[in-house]
Every structure is written in C-alpha cells, then in structure tokens.
Amino acid sequence: QLQFVESGGGLVQPGGSLRLSCAASGFTLDRYAIGWFRQAPGKEREGVSCISRSGGSTNYADSVKGRFTISRDNAKKTVYLQMNSLKLEDTAIYYCAAALGITSLQTMCARPSMSDYWGQGTQVTVSS
C-alpha cells in the first residue's frame, strides 16, 4: 500500500528553522516527482517546492526562495524540506505529494490536483 508519512513539524519562533521529512513506503520513490504543499486556515492549498525524480531539478514558490531547500534521498525513500528564516506567514499544514509523468515542476507546484498521492500533513506553527 502506497503511503507517505510527514514529520518534523512543530512550533518555532520567527527566524527559526525546521526540517520536514516525508517518508514513502509501498512504492518506488524514484518513479515520482515530489512536491511539498501547504495549507493555512481559510486559504487554498499552495505549492511550496517541487523536485524531479532524480533530484536534479527543483522549483520554489517566490515566497520561500532563498529560505527553503528541497532535497530527496531515493535510497532512503525520503524527501526533505529544510526551512530557514521562518516567518509568521509560513504557518500552515505541510503536505508532501507524489506525481507521475511530470514534465514541468512549475506546473506541478502550481496545480495540487496534478499530484496522485498525498501524506496526512504535519503542522508548522511560527509564532513569537
């Protein structure tokens, strides 16, 4: 059974850092492009960052460029999101998702509906 488990969320002060992990099971991770998405209360789900199957290409939302870094370890079936210089507006539930047949990471990040499989999410709260 294909499954994602996100971890690493929590409460952090503005300017702090967190590292999210997304562990996959039940499928071969390197067949899929992976994205991190987030959803804040009352807002639509938005793409944060997406990474190609090999990890050689990445895409970031303008709001997180220079602060967040996505990476993956296909041997460990895990995708990471390093989040630095966190801001209040980064508060959201963060989800990882997998998609097959992706030719544009920018499109994948812009359209959450393109992803086929989703994790349950991990809460990130940035507060002083």
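Taken to the nearest 0.5 Å, the CD atom of E89 stands 8.5 Å off from the OG atom of S63. Interatomic distance, SG of C96 versus CG of L81, reported as 10.0 Å (0.5 Å rounding).
Heavy-atom minimum distance, R72 versus L29: NH2-O, 3.0 Å. V79 and S71 make their closest contact through CG1-O, 3.2 Å (heavy atoms, listed as atom of the first residue, atom of the second, distance). Across all their heavy atoms, A92 and A40 have their closest contact at CB-N, 3.8 Å. Of all non-hydrogen atoms in M108 and S115, the two that sit nearest each other are CE-OG, 3.7 Å.
Other residues, nucleotides and ligands contribute at most 12 non-hydrogen atoms within 6.0 Å of the CD atom of Q106. No more than 12 heavy atoms of other residues, nucleotides or ligands shown are found within 6.0 angstrom of CD on E44.
Judged as a ring-ring contact (aromatic ring centres under 6.0 Å, His included), the pairs with a partner in residues 1-25 (not counting sequence neighbours) are, in order, F4-F27.
You'll find the side chain of V124 stays beyond 4.5 Å of the side chain of T91, heavy atoms only. Between T58 and Y60, some side-chain heavy-atom pair lies under the 4.5 Å cut-off. For the pair M83 and S17, the minimum side-chain heavy-atom distance is 4.5 Å or more. Residues V126 and Q13 fail the side-chain proximity criterion, which asks for heavy atoms closer than 4.5 Å. Using a 4.5 Å cut-off on side-chain heavy atoms (C-beta onward), T125 and V12 make no contact. When side chains are defined from C-beta on, Y80 does not count as touching I70, because their heavy atoms never get closer than 4.5 Å. Between Y32 and I102, every side-chain heavy-atom pair lies at or beyond the 4.5 Å cut-off.
A donor-acceptor pair under 3.5 Å is absent between the side-chain atoms of T28 and the main chain of R31, judged by distance alone.
Shown here are the salt bridge (Lys or Arg N to Asp or Glu O under 4.0 Å) partners of K43, two or more places apart in sequence or in another chain: there are none. In this structure, the salt bridge (Lys or Arg N to Asp or Glu O under 4.0 Å) partners of R67, at least two apart in sequence or on a different chain, are D90. Remark: T122 pairs with E6, L20, Y94 by the side-chain contact (heavy atoms from CB on, under 4.5 Å) rule, at least two apart or across chains.
As a member of the Ile/Leu/Val/Met/Phe/Trp/Tyr network built from side-chain separations under 4.5 Å, Y95 groups with F37, I93, W118.
The hydrophobic clustering, which links ILVMFWY residues whose side-chain heavy atoms are closer than 4.5 Å, places I34 and L105 apart.
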Would you be so kind as to tabulate the donor-acceptor pairs closer than 3.5 Å made by side chains of residues 46-56, with sequence neighbours excluded?
{"unit_1": "E46", "atom_1": "OE2", "unit_2": "R38", "atom_2": "NE", "d": "2.6"}
{"unit_1": "E46", "atom_1": "OE2", "unit_2": "R38", "atom_2": "NH2", "d": "3.2"}
{"unit_1": "S49", "atom_1": "OG", "unit_2": "N59", "atom_2": "O", "d": "2.9"}
{"unit_1": "S52", "atom_1": "OG", "unit_2": "G55", "atom_2": "N", "d": "3.4"}
{"unit_1": "S52", "atom_1": "OG", "unit_2": "G56", "atom_2": "N", "d": "3.3"}
{"unit_1": "S52", "atom_1": "OG", "unit_2": "S57", "atom_2": "N", "d": "3.0"}
{"unit_1": "S52", "atom_1": "OG", "unit_2": "S57", "atom_2": "O", "d": "3.4"}
{"unit_1": "R53", "atom_1": "NE", "unit_2": "D30", "atom_2": "O", "d": "2.9"}
{"unit_1": "S54", "atom_1": "OG", "unit_2": "G56", "atom_2": "N", "d": "3.2"}

### Intermediate values then yes/no, side chain to side chain contact (heavy atoms under 4.5 Å, CB included), F68 and L86
CA-CA 9 Å; F68 290 11; L86 283 161; 3.8 Å; yes
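Looking only at atom types and distance, the side chain of T78 has no donor-acceptor partner in the side chain of D73 under 3.5 Å away.
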